[in-house]
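As the structure lists them, so they are numbered: ligands from 1, and atoms in each ligand from 1. The basis for the numbers below is simple: all heavy atoms, side chains too, and nothing from hydrogens, waters or symmetry mates. Residue numbers run from 1 in the order of the sequence given.
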Amino acid sequence: MQKASAITLLFVFCGLFENAETSFQSCIPRKTVAFQNGINRVFAEPGIFNYSVLLINEETDSLFVGARGAIFALELNDISKAVSYTYWSSPESAQLHCARRGKDKSDCQNYIRVFHKINSTTYYVCGTNAFQPACDYMVIVDGQIQLLGRREEGKGKCPYDPAERYASVMAGGELYSATSFDFQGSEPVVLRSLGNGLRTEYTASWLNEPTFVHADIIEERENSLGGDDQIYVFFSEKAVEFDFYDKLIVPRIARVCKGDRGGMRTLQKKWTSFLKARLSCLEPSLNLEFNVVQDIFLLKTTDWRERIFYGIFTFQWETLDTSAVCAFNLSHVEDVFSSGSFKAPVTLEQSLLVKWVIYTGDVPFPRPGACIGNKEKEHGYTTSLDLPDKTLQMVKDHPLIDSAVKAIDNLPKLLKRGSKYTRIAVDRVVALDHRLHDVMFLGTDDGYIHKAVNYQGEMFIIQEVQLFMSPQRVESLQLSSLKGYLYVGSASQVVQVPVSDCGRYRNCLDCVLARDPYCIWARIQQECVNVSEGTADPQKYLQSIPDGDASECPTDENGNTESYIIIPGNTIQLKCTPLSNLANTKWLFNGSLLHLIDSKHLLYDNGILIFNFAVQDTGYYDCYSVERVNGKEFQSVLVSYVLYPQQSEVTKHLDTTPFQIVLTETNKDELTTAFHPTAVPMSPNIDVLNPEEASVCPPQTQTNPKIEVTLIILVAAFAALLASILLWNLYKRHLPCGCRSKINDLGHFQEMRQNTRTLHQDNHTMISNTVVPETLSRSSSNSNRNIDFQENGNIETSLTLLDLKFIDDDEYDA
Ligand SMILES: *[C@@H]1O[C@H](CO)[C@@H](O)[C@H](O)[C@H]1NC(C)=O
Ligand SMILES: *[C@@H]1O[C@H](CO)[C@@H](O)[C@H](O)[C@H]1NC(C)=O
Ligand SMILES: *[C@@H]1O[C@H](CO)[C@@H](O)[C@H](O)[C@H]1NC(C)=O
Ligand SMILES: *[C@@H]1O[C@H](CO)[C@@H](O)[C@H](O)[C@H]1NC(C)=O
């Protein structure tokens with residue numbers, strides 16, 4: 001078993017590694033903006049932490065912030081100073097009581113969690129209040145925020161535990177919340193309060209250890225069948241329908257209707273409209289569905305058919321460190337809820353196991369879980385109180401829809417290895433050509449914001465911005481498209497980040513290759529500006545989205561020219577940083593390509609070194625940034641150096657002091673201006689090093705040798721392990737003969753992997769020691785789904801990677 005799980009990890013690792021070249025390579029952020037003090041506006045109040053809840057009000061230009069024990073109102077345009085604030089901490093007695101019940105002292109405080117607007121003057125606020133959730137009304141009087149001190153019950157509205165994820169949304173003066181209903185956090189609930197109170201049934205088929213992440217409302221619209229608003233709740237929960245593995249988590253979307261009044265006898269004071277379905281976001285190279293949803297953003301558009309839910313997805317297994325963004329079309333969501341088949345539990349005869357299969361019985365009218373619309377009203381059902389018992393009983397027993405809601409194109413919008421995304425916001429931007437582009441902003445668990453787009457299937461991260469000096473999780477992310485800012489909450493502060501900073505792009509090539517929908521190159525002013533200023537006149541402005549074709553950029557873009565006099569015998573450093581993380585540098589010496597493979601030159605990340613400078617090394621050095629986009633190569637000169645030899649008397653002098661530093665900071669400028677009066681170096685881009693110093697510089701290699709060596713070792717180990725397993729299998733006659741010739745030659749890694757794949761595909765039910773992520777292998781054998789009847793009558797249980805993709809039970813039974 002040990003061996004099997006080692007193979008698993010290797011398989012998974014290699015599988016992803018192999019793909020690194022194709023699908024993930026483009027997902028290196030093109031630019032990295034490192035943390036810099038003072039670059040972004042920041043709000044932090046000394047002694048206050050956990051700025052977890054942000055609420056934007058664009059009408060009053062306010063940003064409300066809920067922190068631990070405090071609420072702040074900030075100015076939306078500049079958050080650095082609080083306009084108004086109020087404190088709300090838990091009473092001493094509550095804190096003591098909480099600690100006595102065994103909770104950590106730091107958790108026994110009032111973490112503000114729920115923050116919603118009721119109307120233009122009143123807000124509703126809830127806090128964990130030392131594990132006794134409480135709510136209050138907040139009003140704004142003369143620009144100052146005030147709590148009314150009503151201290152309403154917060155149970156079911158706000159979590160007890162500050163570390164628990166939850167979701168809530170305010171609609172029509174009623175609060176819809178999804179959280180746990182008890183101190184232990186074991187009773188989940190989707191609750192409506194502040195009006196017609198309704199809640200979910202407390203049963204595993206409705207909610208099975210869920211982690212709620214988001215709730216949103218889809219408002220009434222014309223054309224809909226009766227026009228009832230709908231509330232969507234997103235969460236991950238333990239799957240009931242996949243019986244092969246009892247700890248499998250699945251991402252869900254659930255829906256209730258705003259007009260729901262509960263049932264008359266069945267489902268009294270409970271939702272009669274609660275339905276849920278699986279969200280399907282597929283990792284294409286593993287053919288495995290992501291099974292944890294981390295956050296959801298609803299992209300609101302004027303036409304409801306165009307509304308899209310964007311979600312962040314991950315795996316529950318640590319070994320699979322890929323984050324994905326998938327998008328879901330609201331129309332498809334509605335289709336699944338309004339016409340999908342139901343799932344039904346059946347108890348297997350021999351065991352007490354419950355298996356979920358497609359419900360094949362009659363579906364009563366009105367359709368269980370449907371909102372009351374025109375059709376229902378025509379038949380005399382005006383509210384959910386009129387619904388027949390048959391419909392209600394069906395909702396109660398069958399809240400799960402069989403079909404999953406599939407992501408648009410059945411493919412992720414973004415796949416990123418090695419980053420853990422925590423929060424998402426999406427902005428729809430009109431580019432220069434009037435086309436719309438959805439720009440995804442993703443907060444990471446180590447304090448970065450990734451700005452990403454998907455251009456006709458091509459995943460592209462425009463840039464990453466580091467927000468904090470030390471890594472911190474992005475706890476909340478709010479976007480104001482109107483203001484052009486993102487607001488990011490973390491444990492220690494709130495940061496205001498502009499959605500774009502076009503001025504950061506260094507020249508035409510940089511501006512166009514950025515493929516940033518917000519930015520265009522102004523041909524006359526020769527600068528990168530934001531598109532809102534653009535007149536959409538392609539004569540004056542340049543942008544190439546989605547292609548990234550910069551061939552219209554002037555080819556003679558001039559970089560700086562810097563001139564120096566060099567004493568032969570020294571080591572010279574010429575600095576030059578490529579335009580982006582996806583670009584390389586190229587050097588021309590007196591107009592021809594400098595081949596940097598000799599012992600004389602060394603290319604590294606920030607320039608080149610020239611060892612033992614000689615008279616024949618004098619001349620022109622031009623540094624180009626070279627970047628490939630969609631098969632086309634673009635280059636622009638970044639800096640040109642003109643190096644002159646020192647005259648004879650100094651050369652003589654050289655014999656005695658070979659490693660002398662020739663140019664000091666003071667005489668450098670003099671000499672430069674003397675030789676090249678127009679070119680004054682803007683920055684000290686040139687250094688003269690002695691040979692010992694030079695050897696400290698990082699060597700430049702195209703690929704990291706460490707990774708290569710690691711890969712070779714892993715491949716070798718994988719091959720050895722696989723070989724031993726195969727031998728064992730052959731010995732045990734578990735493999736059919738046909739496979740033997742295929743896997744005889746284990747020499748080549750690629751081929752072997754392909755064979756392994758084929759093997760799994762063709763015979764996945766035949767292999768007994770196969771790939772299971774480590775955590776999976778602990779599942780008890782009676783819950784495994786594949787049961788192979790071997791010749792000798794033994795029953796072998798097995799579970800392959802392929803099985804992990806969600807094969808529907810019915811499909812499997814067929
Ligand atoms: C706002 O809502 C509060 C609480 O429901 C109510 O007391 C108040 O009258 C409302 N104000 C306005 C202007 O509607
Ligand atoms: C609150 O902030 C503190 C201090 O930064 C941090 O250690 C803690 O994890 C945060 N708690 C929550 C629930 O976010
Ligand atoms: C969503 O689906 C509807 C109906 O199939 C379609 O008209 C619409 O274009 C889709 N929207 C997107 C963004 O895919
Ligand atoms: C566009 O540029 C102007 C001035 O350069 C700036 O004030 C504005 O905030 C920018 N807009 C966005 C959306 O970045």
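Around atom 14 (O) of ligand 1, the closest heavy atom drawn from V139, L148, N119 belongs to N119. Closest to atom 6 (C) of ligand 3 by heavy atom, among N329, L299, D335, L330, is N329.
Note: S180 OG to L207 CG = 11.5 Å, rounded to the nearest 0.5 Å.
Residues F290 and F315 bring their aromatic ring centres within 6.0 Å. Between Y310 and F328, the gap from one ring centroid to the other reaches at least 6.0 Å.
Under the 2.5 Å cut-off for SG-SG separation, C135 and C126 qualify: their sulfur atoms lie closer than that.
When the shell of 6.0 Å around OH of Y455 is examined, it contains more than 12 heavy atoms from other residues, nucleotides or ligands.
For the pair R199 and F181, the cation-pi test (distance below 6.0 Å, angle within 45°) is passed. Both tests do not hold together for K117 against F64: distance to the six-membered ring centre under 6.0 Å, angle to the ring axis within 45°.
Within ligand 2, counting atoms from 1 as listed, the ones closer than 4.0 Å to a heavy atom of A491 are 2 (O), 5 (O). Of all atoms in ligand 3, listed by their number and element, those nearer than 4.0 Å to a heavy atom of I308 are 13 (C). Within the listing of ligand 1, atoms 1 (C), 2 (O), 3 (C) sit less than 4.0 angstrom from a heavy atom of T122.
Within a 4.0 Å radius of atom 2 (O) of ligand 1, the protein has at least one heavy atom. Put simply, atom 9 (O) of ligand 1 has no protein non-hydrogen atoms near it, under 4.0 Å away.
Taking atom 7 (O) of ligand 3 as the reference point, the nearest protein heavy-atom neighbour is E306 OE2, 4.7 Å. The closest protein non-hydrogen atom to atom 5 (O) of ligand 3 is H332 NE2, 3.6 Å. For atom 13 (C) of ligand 2, the closest non-hydrogen atom on the protein side is P162 O, 3.7 Å.
At a cut-off of 3.5 Å, with distance as the only test, no side-chain donor of Y176 or D216 sits close to an acceptor on the other residue.
By the 3.5 Å distance cut-off applied to N or O atoms, N50 is counted among the residues near ligand 2.
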